[in-house]
Asks: 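Quick one: structure below, then a few questions.
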Amino acid sequence: MRLHEYQAKQVFADAGIPTPSSEVVETADAAREAAERIGGTVAVKAQVHVGGRGKAGGIELADDADEAHEAAEGILGMDLKGKHVEKVLVEEAVDFVDELYVGVTTDRGEGRAVAMVSSEGGVNIEEVAEENPDAIARTHVDPAYDLRPFEAREVVYGANVDRETARDVTGVLSTLYELWDERDADDAEINPLMVTEDGGVVAADAVFNIDDSALYRQEELAEMEDEAFEDDFEARASDAGFDYVRLDGNVGIIGNGAGLVMTTLDLVDHFGGSPANFLDIGGGADAERVQAALELVFEYENVDSVLFNVFGGITRCDEVAQGINDALEAFDELPEPLVVRLTGTNEEEGRELLTDRVETAEGLEEAVKRTVELSGGDGE
Amino acid sequence: MRLHEYQAKQVFADAGIPTPSSEVVETADAAREAAERIGGTVAVKAQVHVGGRGKAGGIELADDADEAHEAAEGILGMDLKGKHVEKVLVEEAVDFVDELYVGVTTDRGEGRAVAMVSSEGGVNIEEVAEENPDAIARTHVDPAYDLRPFEAREVVYGANVDRETARDVTGVLSTLYELWDERDADDAEINPLMVTEDGGVVAADAVFNIDDSALYRQEELAEMEDEAFEDDFEARASDAGFDYVRLDGNVGIIGNGAGLVMTTLDLVDHFGGSPANFLDIGGGADAERVQAALELVFEYENVDSVLFNVFGGITRCDEVAQGINDALEAFDELPEPLVVRLTGTNEEEGRELLTDRVETAEGLEEAVKRTVELSGGDGE
Amino acid sequence: MSVLVGDETRLVVQGITGSEGKFHAERMQEYGTNVVAGVTPGRGGDEVLGVPVYDTVKEAVREEDANASAVFVPPAFAGDAVMESLDADIELCVAITEGIPTHDMVRVNRRLDEVDTRLVGPNCPGVITPGEAKIGIMPGNIFDSGNVGLVSRSGTLTYQLVDSLGRRGVGQSTVIGIGGDPIIGTSFIDSVRAFENDEDTDVIALVGEIGGSDEERAAEWIDENVTKPVVGFIAGRTAPPGKRMGHAGAIVSGSGTGTAESKMEALRDAGVRVAETPAGVADEIDDLL
Amino acid sequence: MSVLVGDETRLVVQGITGSEGKFHAERMQEYGTNVVAGVTPGRGGDEVLGVPVYDTVKEAVREEDANASAVFVPPAFAGDAVMESLDADIELCVAITEGIPTHDMVRVNRRLDEVDTRLVGPNCPGVITPGEAKIGIMPGNIFDSGNVGLVSRSGTLTYQLVDSLGRRGVGQSTVIGIGGDPIIGTSFIDSVRAFENDEDTDVIALVGEIGGSDEERAAEWIDENVTKPVVGFIAGRTAPPGKRMGHAGAIVSGSGTGTAESKMEALRDAGVRVAETPAGVADEIDDLL
């Protein structure tokens with residue numbers, strides 16, 4: 001789960017990291033009022049999960065409340081790299097003399113956290129890592145000891161942070177690690193951490209991604225989850241317990257198992273179609289789950305055809321077919337054509353059970369080609 | 001720092017460990033009222049730091065409020081193994097079917113915590129350890145991972161705790177470890193942990209000793225410190241930054257360095273005297289500290305003579321002598337004779353500086369003998 | 001010879017009294033795996049499926065000489081269950097559970113450095129040596145004994161490939177599902193090394209997916225160490241960056257690391273035959289045999 | 001030859017800009033110790049007592065080839081300072097600081113298992129090889145070069161004994177103050193082993209005190225391994241149970257473990273000559289030489 005900037009900043013501020021004063025609003029009028037309360041120059045920032053918001057026009061500076069109103073009017077409702085902007089953060093503009101990057105993320109390869117500081121803040125840190133790796137100081141954190149103060153210092157002094165700022169940056173890095181550790185974070189990053197004229201620091205942006213598997217023990221963060229979803233479909237899929245990702249194409253895809261569904265998407269693309277979604281229905285395929293999956297996929301207006309691709313293993317294909325049949329009873333008429341492909345244990349019994357409300361296919365490639373055809377593609 | 005039972009129980013209860021309802025009181029009348037509020041049979045328990053309170057008459061059961069009044073009257077003000085009882089805990093008497101020991105303590109030899117459960121609760125656990133070591137299950141806790149749930153279970157099942165009680169006991173053990181870990185405890189123990197008829201558990205006693213060196217980061221516990229002192233002398237010594245222990249004899253002892261002071265006590269005993277205290281004045285010996293130390297030692301009514309025994313190392317003996325001379329100016333008359341023995345760097349210069357308000361001695365044995373003589377002993 | 005599991009396996013099933021654990025313990029018994037014990041805290045002394053249940057893994061090791069474990073414990077407790085196997089000197093621990101918090105796996109991963117246990121998974125279908133034994137949840141009936149060593153991050157995609165191989169009459173020496181989580185025990189390299197050293201394996205199939213760089217590292221290792229032919233497949237070529245594709249580990253970072261392209265290129269550079277479709281994988285393997 | 005410190009010592013002083021650190025760094029320089037650097041975070045680039053100050057120990061090791069460290073850092077930060085030395089591959093770390101929380105030392109102690117550094121202390125006067133070098137706070141002037149290897153949990157009691165020896169014309173090969181805390185790095189056994197192997201040491205003096213069982217363990221080890229004569233002394237015979245006698249580690253438990261009697265008996269059983277008074281220690285040693 002990825003928190004919005006304003007949510008992440010609240011968590012960081014509660015942990016003692018200095019953040020600019022700010023308010024999150026959903027209308028231009030509210031943005032004006034917020035700007036008045038904050039006073040001075042403010043930044044108006046789109047609250048959507050995309051990188052490079054600034055370059056894409058999602059961040060504007062406003063010298064007064066009227067300008068803030070105008071900026072919010074422009075940003076609210078805009079489509080930013082495919083994301084609809086529903087909220088903006090109105091935030092005190094900070095005078096700064098330097099920008100740093102400070103972050104703690106999970107390094108999958110090492111299986112532990114990596115704590116990083118770079119003197120080149122305010123730009124894409126992964127680009128810095130590629131182009132000027134020496135500009136980033138880092139240490140992998142041994143979970144047996146957590147981030148020890150001397151390690152935080154080694155990173156901060158290793159990044160050549162100024163002497164008068166080093167102590168504050170060390171504090172911020174240690175706090176980010178604690179947040180990573182205690183809140184089950186994947187990433188806890190500040191970019192840029194602004195250095196002010198007096199040597200102090202302020203978090204001008206905030207990234208806080210939480211491990212979905214750990215939300216059950218992160219109540220406070222889990223409560224922020226609904227607000228963090230930017231897509232109603234994804235929110236509903238999450239409630240239903242599906243792994244779901246919405247895409248731009250028109251071929252709806254339901255399957256069991258992440259690898260098989262990903263492969264199905266790839267094949268749709270391979271045969272000239274365009275996937276409308278990823279939906280992993282998970283283990284089992286009873287009528288209720290099948291029905292919920294079909295409703296979710298059909299409801300997306302892009303969809304022109306749907307492929308239901310299941311490998312029957314421990315759950316036999318005839319059981320899955322029964323689940324599909326039962327689920328189809330909930331539909332008077334299928335909104336778009338549905339192709340079902342069952343392989344694995346008892347696949348023939350399964351295919352025989354299926355009614356002619358659906359098309360069936362034996363091979364995976366064959367099923368994909370047919371679904372692509374039905375979507376208007378050529379299936380080759 | 002050792003918390004009183006009632007303080008420890010509060011901490012344990014706050015952490016979720018079941019404890020009986022109770023109130024701590026300082027008068028028999030208050031004990032009566034507390035017993036009325038609690039209802040039913042209550043235990044009236046002396047709040048002093050001695051083992052075997054029960055056998056020594058420091059714990060009485062009372063069937064009603066009048067009996068509680070009577071019991072409190074008997075216990076309050078009594079001398080329990082040399083400790084004056086100023087508070088009693090009036091506590092709901094718990095019906096139990098079994099008594100366990102559950103504890104987490106620091107094992108110095110291993111340099112880590114040891115978590116223990118024994119089915120033989122309610123008796124001295126160190127005696128159990130000697131006489132029937134198999135009755136105690138234990139595990140050393142690797143600080144890299146803290147007490148993992150499976151380790152807690154191994155200990156609990158290893159102690160043959162009943163199936164229906166095991167989960168609760170595992171929870172209590174895990175909580176005690178967390179308290180040990182988070183509160184800088186030396187020991188966190190419950191003996192007995194009573195098992196009730198329905199298989200639940202209740203902490204009938206509570207021991208919680210905190211590392212003195214860590215009190216600076218344990219604010220909540222540090223606030224309990226004043227109440228935890230049972231000796232006004234020890235409280236004052238702690239404020240002055242001395243290591244001080246009050247003893248029963250009549251030879252006051254002040255020195256620098258724990259080992260040297262302990263050795264001085266041993267020599268006093270060796271030469272037929274009886275030490276009145278241990279006082280390590282620590283590094284440096286300026287007038288202010290010397291004066292505070294002398295006042296503390298003289299004030300104890302037992303004291304008949306005092307030995308001031310300092311090894312001058314980095315701090316030279318002449319500097320120490322000057323500190324002593326300056327300190328003595330605060331005394332019109334010394335209440336009891338004072339013997340000063342200075343050895344080490346510049347010892348002769350030091351001894352020459354001292355005035356005849358004090359006796360001086362060159363050798364350690366000679367100084368001890370003389371002080372013992374002055375206390376009325378024979379010094380042999 | 002076989003990789004990881006076989007006749008010498010003496011399995012303890014952690015969570016054997018749960019519905020999943022019991023169901024799959026029975027399937028494993030049917031397949032021929034020697035299940036010697038189960039563990040469920042508080043159920044010690046019971047008997048399930050003809051094997052004794054213990055409160056702790058150490059007891060199962062002490063009493064039944066268990067040398068392997070399968071973890072069917074809910075995600076909140078599964079990290080600890082794995083730790084328990086590690087501390088009980090289990091040789092092979094297969095963690096089936098999906099959804100173990102990453103931070104729990106960070107601790108497990110640290111502990112793995114200190115012990116001799118091999119961990120497979122978590123969030124994996126397990127390990128099977130067709131015709132001998134399986135530890136996991138794979139449908140045993142779809143596998144055939146043969147000479148292809150297959151390692152995969154995915155469950156049903158593996159079954160799909162095994163099915164495709166089966167239709168061509170090609171069997172497997174051992175199939176290892178290493179799991180779809182970001183932090184796992186046995187890696188591609190570990191698995192490929194085992195296959196390289198396994199005399200029953202003639203062709204190695206490596207089935208990866210987007211996210212992380214385990215495939216890239218494996219490619220480098222293969223280039224330097226592997227003599228047997230390797231066929232590769234990567235799922236997720238069409239996955240958008242920043243989106244988790246079902247598996248917790250299947251995510252291309254916002255900046256574009258962990259892409260299918262990067263992995264396919266690395267594998268090809270290492271001399272691996274990379275197929276574009278599951279059928280293509282089976283064809284390549286068929287071609288090599 | 002000498003034990004632990006000598007001409008090859010290249011010392012970094014952690015906390016060199018503090019008053020204690022600076023004072024004793026200068027005393028060590030005067031005594032002949034090769035102080036090559038200091039460390040104080042935020043003071044990197046400064047110079048103190050003619051040596052460069054660095055922000056981190058790793059820098060001091062990299063730039064000045066430091067191989068030993070002395071920790072003069074306030075107790076709240078000293079555990080971390082020791083950790084820093086451990087992670088910087090320092091060979092010998094001497095922690096002077098008194099009052100490090102026990103739990104910080106539990107972590108340090110765990111880390112010590114994983115690294116090659118020898119830790120002396122904390123809460124100790126340090127290590128001195130008279131006439132060569134010292135790391136610590138001992139008054140150098142009271143020591144004389146000789147052939148007694150002395151190890152002690154106490155500071156001023158050590159000085160008292162050294163003074164007593166000096167008055168009899170007896171010098172020391174090396175004196176090790178292992179510290180008065182409950183959890184320390186170098187133990188009596190470690191020290192006695194070093195003296196047993198040190199050709200400059202003819203007699204070993206072991207000065208213990210109440211609390212813990214390090215003396216008892218050392219006695220057992222001496223019985224089995226030591227060929228040189230050992231003289232022992234235990235402070236705290238009159239200490240009441242349950243009371244901390246100055247040192248955090250000097251406490252007889254409520255149930256009576258860690259008593260002076262137990263330690264004296266164990267040492268005597270191991271053939272150690274146990275004296276009742278400091279003068280008695282000096283007499284025994286004098287007698288042996």
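Chain naming here is simple, since letters A, B, ... match the order of the sequence lines and numbering starts at 1 in each.
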Asks: Where does A76(D) contact chain B at under 4.5 Å (heavy atoms): side chain, backbone, both or neither?
Replies: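 Answer is both: backbone and side chain atoms of A76(D) are under 4.5 Å from chain B.
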
Asks: Sort out for me which of P278(D), S187(D), G180(D), S152(D) touches chain B most, counting heavy-atom pairs under 4.5 Å.
Replies: P278(D)

Asks: Picking from Q160(D), E209(D), K243(D), R107(D), which has the most non-hydrogen pairs under 4.5 angstrom with chain B?
Replies: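 Most pairs with chain B among the choices: Q160(D).
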
Asks: Of all of G236(D), A248(D), P75(D), which one pairs up most often with chain B through heavy atoms under 4.5 Å apart?
Replies: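 Highest number of heavy-atom pairs under 4.5 Å: G236(D).
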
Asks: Could you check whether atom CD of E348(B) has more than 12 heavy atoms from other residues, nucleotides or ligands sitting under 6.0 Å from it?
Replies: no

Asks: Please determine whether the number of non-hydrogen atoms from other residues, nucleotides or ligands lying under 6.0 Å from atom OH of Y31(D) exceeds 12.
Replies: yes

Asks: Which atom names give the shortest non-hydrogen contact between P139(D) and T345(B), and what distance separates them?
Replies: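 Heavy atoms of P139(D) and T345(B) come nearest at CB-OG1, 4.3 Å.
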
Asks: What part of E347(B) lies closer than 4.5 angstrom to a heavy atom of chain D: side chain, backbone, both or neither?
Replies: side chain

Asks: Sort N141(D) into side chain, backbone, both or neither according to what part of it lies under 4.5 angstrom from a heavy atom of chain B.
Replies: side chain

Asks: Pair F311(B), L157(D) - check side-chain contact (heavy atoms from CB on, under 4.5 Å), show working.
Replies: CA-CA 8 Å; F311(B) 193 97; L157(D) 175 57; over 6 Å; no

Asks: Check each of L247(B), V268(B), D266(B) against T238(D) using the side-chain contact (heavy atoms from CB on, under 4.5 Å) test, and report the only one that passes.
Replies: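 Looking at L247(B), V268(B), D266(B), the match for T238(D) under the side-chain contact (heavy atoms from CB on, under 4.5 Å) is D266(B).
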
Asks: How close do P101(D) and S213(B) get, heavy atom to heavy atom, and via which atoms?
Replies: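 Answer, listing the atom of P101(D) first, then S213(B): CG-O, 3.8 Å.
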
Asks: What do the steps show when you test D184(B) against T102(D) for side-chain contact (heavy atoms from CB on, under 4.5 Å), and what is the final call?
Replies: CA-CA 8 Å; D184(B) 278 302; T102(D) 301; over 6 Å; no

Asks: Go through the steps to decide whether H103(D) and W180(B) satisfy the test side-chain contact (heavy atoms from CB on, under 4.5 Å), and finish with yes or no.
Replies: CA-CA 9 Å; H103(D) 287 220; W180(B) 180 90; 3.5 Å; yes

Asks: If you count heavy-atom pairs under 4.5 Å with chain D, which of T264(B), D186(B), D280(B), D181(B) comes out on top?
Replies: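 Most heavy-atom pairs within the cutoff with chain D belong to D181(B).
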
Asks: Does atom CD of E261(D) have more than 12 heavy-atom neighbours, drawn from other residues, nucleotides or ligands, at distances under 6.0 Å?
Replies: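 Enclosed: over 12 neighbouring heavy atoms sit under 6.0 Å from CD of E261(D).
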
Asks: When only pairs under 4.5 Å are counted, which of D181(D), V106(D), I234(D), D214(D) shares the most heavy-atom pairs with chain B?
Replies: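 With the most close heavy-atom pairs to chain B, the winner is V106(D).
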
Asks: Does a side chain donor of either T156(D) or N256(B) reach within less than 3.5 Å of an acceptor in the other side chain?
Replies: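 No - no donor-acceptor pair under 3.5 Å links their side chains.
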
Asks: Near E220(D) CD, under 6.0 Å, is it more than 12 heavy atoms from other residues, nucleotides or ligands?
Replies: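 No, because the 6.0 Å sphere around CD of E220(D) holds 12 heavy atoms or fewer from other groups.
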
Asks: Between S274(B), G363(B), G257(B), P275(B), which shows the greatest number of heavy-atom pairs under 4.5 Å with chain D?
Replies: G257(B)

Asks: Run the side-chain contact (heavy atoms from CB on, under 4.5 Å) test on R244(D) and D212(B) for me, step by step, so that the C-alpha distance in whole Å, both residues' side-chain angles and the decisive distance to 0.1 Å come before the verdict.
Replies: CA-CA 10 Å; R244(D) 200 170 63 82; D212(B) 291 310; 3.4 Å; yes

Asks: Could you tell me if the side chain of M262(B) sits less than 4.5 Å from the side chain of I210(D), heavy atoms only?
Replies: yes

Asks: Answer yes when R108(B) and E216(D) have at least one side-chain N-carboxylate O distance shorter than 4.0 Å, and no when they do not.
Replies: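 Salt bridge flag = no for E216(D) with R108(B).
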
Asks: Given heavy-atom pairs under 4.5 angstrom as the criterion, report whether the side chain, backbone, both or neither of N123(D) touches chain B.
Replies: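 When you check distances to chain B, no heavy atom of N123(D) falls under 4.5 Å.
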
Asks: With only heavy atoms counted, which part of R217(B) is less than 4.5 Å from chain D, the side chain, the backbone, both or neither?
Replies: side chain

Asks: On a heavy-atom basis, which atom in G246(D) and which in D243(B) lie closest, and how many Å separate them?
Replies: O-OD2, 3.3 Å

Asks: At their closest point, which heavy atom of S154(D) faces which heavy atom of G259(B), and how far apart are they?
Replies: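 Closest pair (atom of S154(D), atom of G259(B), distance): OG-CA, 3.2 Å.
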
Asks: Check whether any side-chain heavy atom of R237(D) sits under 4.5 Å from a side-chain heavy atom of L265(B), and report yes or no.
Replies: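 In short, these two side chains do not touch, never coming nearer than 4.5 Å.
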
Asks: Check R110(D) with E110(B), please: is the shortest side-chain N to carboxylate O separation under 4.0 Å?
Replies: no

Asks: With a 4.5 angstrom heavy-atom cut-off, which part of D142(B) approaches chain D: side chain, backbone, both or neither?
Replies: side chain

Asks: For E219(B), does the CD atom sit with more than 12 other heavy atoms under 6.0 Å from it, leaving out its own atoms?
Replies: no

Asks: Do you know which of G312(B), A185(B), G249(B) has the most heavy-atom pairs with chain D at a distance under 4.5 angstrom?
Replies: A185(B)

Asks: Taking side chain as everything from C-beta outward and backbone as N, CA, C, O, which of these in L161(D) sits under 4.5 Å from a heavy atom of chain B? Side chain, backbone, both or neither.
Replies: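 No part of it gets close to chain B.
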
Asks: Under a 4.5 Å heavy-atom cut-off, does chain D meet the side chain of V261(B), its backbone, both or neither?
Replies: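 The answer is neither part of V261(B).
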
Asks: Minimum heavy-atom separation for A235(D) to T263(B), with atom names?
Replies: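 A235(D) and T263(B) have their closest heavy atoms at CB-OG1, 3.5 Å.
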
Asks: Flag the one option from L112(D), T158(D), D104(D) with the top tally of heavy-atom pairs under 4.5 Å to chain B.
Replies: D104(D)

